[in-house]
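Naming: A, B, ... by sequence-line order, numbering from 1 per chain.
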Amino acid sequence: MDLHGLNDKQQEVVRTTEGPVLVLAGAGSGKTRALTHRIAYLIEEKGVRPWNILAITFTNKAAGEMRERVIDLLPSGGDQVWVATFHATCVRILRRYGELLGYERSFSIYDTDDQKTLMRQVMKTLELDPKMYKERSLLAAVSDAKNRMVSPEQMAIDASGDYRRMRYAEAYAEYQVQLKKNNAMDFDDLLVKTVELFQNCPEVLAEYQEKFRYILVDEYQDTNGVQFRLVKLLSEKYRNVCVVGDDDQSIYKFRGADIRNILDFEDAFPGATVIRLEQNYRSTGSILDAANHVIANNEDRKAKRLWTENETGAKVRMVSYDTAQEEAEGIVRMMENAVSRGIPLRECAVLYRTNAQSRALEERCVTRSLPYRLVGGVNFYQRKEIKDILAYLRTVANGLDDISVLRILNVPKRGIGQTTQAKVAEFAQQEELSFYDALCEAEAIPGLGKAAAKLDAFVSLIERFRVEAEEIPIADVIDMVLEESGYQKELEETEDDTTVQSRLENIEELKSKAEEYESEAGDDADLAGFLEDIALVADVDRMDDSEERLTLMTLHSAKGLEFTKVVISGMEDGLFPSFQSINDVEHPEQLEEERRLAYVGITRAKKELTLTMARTRMVNGETRYGAESRFVAEIPENLLEREDKSTLYRPQRERRDLYQTPPRRASKWDAYADYGKGSLPYQGGGSPFGKDVSQLFELGRSAKKAAPAPAVIDYHAGDRVRHTKFGDGTVLSMEDGPHDTEVTVEFDRVGIKKMMAGFAKLRKIED
DNA sequence: GGGCCTCAAGTTTTT
DNA sequence: CTTGAGGCCC
């Protein structure tokens, strides 16, 4: 096997096939290359049979790519390697052996929305006051417990009499009971139940231990407690486990990822070989330098020194704008410019901290007709019509899935309202039936009256779908649902034309996904498999990167990807790093995670990196003000090329008093009002965000009044004025706003600009 | 049982 | 600003 394309360390990764191996792979160090060669090497040089290898990746996309590359490296057999995510791996195992845990083969996988619905039910049963207990935090506690493999019983014991914690434990217990009743698992369960399966059924564990003689885990820094258990259990017999990760790129703590898995690997797997991949092949010297400087501010990390032989390249650009709209506009122009310089658009990406930021960018792309692809965001599968159709399919596939049955029972309207539902639910509980089974016995339910016939009709509808679903393609089942349930008819009657059209288009899209699935899965294709595919496949996984489009996505989604040109937008304190991470003094490690996220973002760039910020930004209908992200200050100035395209007032240290005046009205942001006064390292520009900008303008004005030379608006439409940055121009119009006058000026050099008179520092000039 | 209206909350990140 | 949930009235 030809390993000449690999450096010494990479070759070591390939050749150290036996025993536990920890590969500390820095960003862009060619770890995928090393891993794929390792797999090929095992098969070709060591005679390992492909099906004895398990490779776990973080996303399905990564899995697909890895499989492709292994196939390319080998004359044959590459497709026999088991490459999948943890979740997909577990589902495959549970579909096969889940019955040993009392689940039916066709169990449903509940997504976040389903979890919420279920938890709301739990809260009702337990009479938990929604004011006191938020389903969000209950679910977070449940997930956290599962990640640590803590059972409801254990949680109750740990609560040691603390009333609130006891209630949490009860909710957890009831939640599990209901999941089970629905023959459903949430994402965490997929992992937890697999571990349970292995613990309860040693013969099953033995089978998989025997099967998976060589195990590889990518992105190991983002594994959680359960995933660690899984790896540990599976590798116990042959101990050939190779994990690859970078503690500096651990960005999923909020999801339960435990960085200690990588930091303590050598303790968990004694005798492990540790290999460091520190040569970066991806980025220019400047970009890598910037990344190294930022991440160096983290305390809790394995020291490493990433280096490169690549050219130094251009400096990192930092551009500031007034508003998110202007920022978006500027970014889109930058991308157009990049294309004109010969960089393919598919090699360009805009990364941001929150999905909400994508909107302004999208709008700009549309108006300037720049093709783009949005990764993530409002998920396709979360759309109402898609969820409705999927609920039908899930009901067909899994009759115990009450959440789905309840969703569609009266969609479209069948005259089955709350009262009827309540009666059925009561009956179901008495008779210990699932909701659907109770529906089947409608005649036996007391006090239903005419509703019983309606329930009957619903049941026979579903039963008909069930019979057909065995025979016809899934896309046809969807058509059947649309027509025979009356769903489409109601949709057309109640919604306006444009929404009907877009909803039907979405459903068409779902149908083509079904067809895609069926052609890929071949004979194994069934409804449960399709639904599972949908549940486990993330948005990035579907990203088609062959098209010439600009990619828009969150920093999280960008993990593992690379682009020639990267723009990270929204570099504002309070946005990135997020408020939560700045303010949570109890958990300083949160800020370190944000910094790792910045590191991940920076290291995605191959040739060009630009950071942008907007001084004001609309969030939840409020305009908020932001200071430059502290992460920018962590990049040495000599690596930066700054450009300020903003006109707004910039806060200075001596003006901090402006921000400490109590807000005019109570708002949820009050909690942040004290920010900046504390002992945090950041003491600069005053409160980032957190205030209504109009208030800021007002404060600014009152400050000006006190100042020796207050700004006087002595110009009118038609006058010539001078701006400190934009030069001379003609006032086009002036409009009084609630707090200030908005002036529109056509500048000779930079064109038309709108600005607030109070801050624009315009001076009337005679010409 | 259904439809309309008002009000509140929300978003940090995702398999 | 949006969306979802709950309340009220028909």
Side-chain angles (χ1 to χ4, degrees), chain A residues 56-63 84-91 109-113 115-117 120 130-131 134-136 140 143 146-147 185-191 219 222-224 226-227 250-257 351-360 375-379 381-384 410-422 449-451 454 490 494 532 534-541 553-559 570 574-584 590-591 593-594 596-598 600-601 617-623 667-669:
Chain A
I56 303 242
T57 56
F58 195 68
T59 64
N60 294 286
K61 183 178 158 62
T85 63
F86 269 110
H87 294 268
T89 301
C90 289
V91 171
I109 300 168
Y110 277 3
D111 67 16
T112 324
D113 285 341
Q115 286 181 282
K116 278 189 199 150
T117 314
R120 249 176 263 132
K131 288 218 164 52
K134 292 261 168 282
E135 88 217 5
R136 229 179 116 75
S143 178
K146 287 181 181 177
N147 286 165
M185 299 192 202
D186 63 18
F187 283 124
D188 296 318
D189 273 351
L190 296 176
L191 308 169
E219 307 283 6
D222 281 320
T223 52
N224 62 29
V226 199
Q227 290 166 336
S250 159
I251 54 174
Y252 282 99
K253 177 135 199 264
F254 73 93
R255 206 170 81 188
L351 312 181
Y352 36 79
R353 180 65 236 270
T354 67
N355 277 307
Q357 291 167 253
S358 69
R359 195 159 154 178
V375 178
V378 193
N379 199 315
Y381 295 104
Q382 285 175 353
R383 285 169 208 195
K384 191 173 167 294
N410 204 27
V411 179
K413 303 260 160 3
R414 301 189 172 88
I416 306 172
Q418 277 174 21
T419 332
T420 311
Q421 286 184 24
K450 276 196 292 186
K454 295 173 181 167
E490 189 183 78
T494 48
E532 160 193 322
I534 282 172
L536 297 181
V537 171
D539 234 41
V540 238
D541 299 333
M553 65 179 152
T554 62
L555 288 151
H556 280 88
S557 298
K559 191 168 84 158
L575 182 62
F576 185 35
S578 71
F579 268 134
Q580 293 84 339
S581 64
I582 294 171
N583 283 299
D584 199 336
Q590 280 194 33
L591 191 62
E593 176 139 323
E594 295 279 310
R596 290 193 291 270
L597 198 51
V600 167
R617 189 179 291 275
M618 288 279 270
V619 178
N620 296 357
E622 265 183 322
T623 307
S667 88
K668 60 180 164 179
W669 300 106

Just jot down the side-chain hydrogen bond (donor to acceptor under 3.5 Å, both in side chains) partners of [X], sequence neighbours excluded, or say none.
| X | answer |
| --- | --- |
| A:Thr223 | A:Asn261 |
| A:Glu593 | A:Arg596 |
| A:Tyr110 | A:Asn182, A:Asp401 |

Would you measure the distance from the P atom in C:dG4 across to the matching atom in B:dT13 and give it in whole Å?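 Per the computed distance, 16 Å lies between those P atoms.
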
Between [N] and [X], is there an OP1 or OP2 to side-chain N/O distance shorter than 4.0 Å?
| X | N | answer |
| --- | --- | --- |
| A:Ser557 | B:dT14 | yes |
| A:Ser578 | B:dT13 | no |
| A:Arg136 | B:dA9 | no |
| A:Thr420 | B:dG1 | yes |

Restricting to salt bridge (charged side-chain N to carboxylate O under 4.0 Å, His left out), what partner residues turn up for [X], sequence neighbours left out?
| X | value |
| --- | --- |
| A:Lys454 | none |
| A:Asp111 | A:Lys387 |
| A:Lys134 | none |
| A:Glu532 | A:Arg95 |

Heavy atoms under 4.0 Å, any strand shown: does A:Arg596 hit a base, just sugar-phosphate, or nothing?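 Touches nothing.
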
Find every protein N or O atom lying less than 3.5 Å from an N or O atom of nucleotides 8-10 of chain C, and list the pairs.
none

Check the interface with nucleotides 2-6 of chain B: list each N/O to N/O pair with the protein under 3.5 Å, or write none.
| from | atom 1 | to | atom 2 | distance (Å) |
| --- | --- | --- | --- | --- |
| B:dG2 | OP1 | A:Gly415 | N | 3.0 |
| B:dG2 | OP2 | A:Asn410 | ND2 | 3.2 |

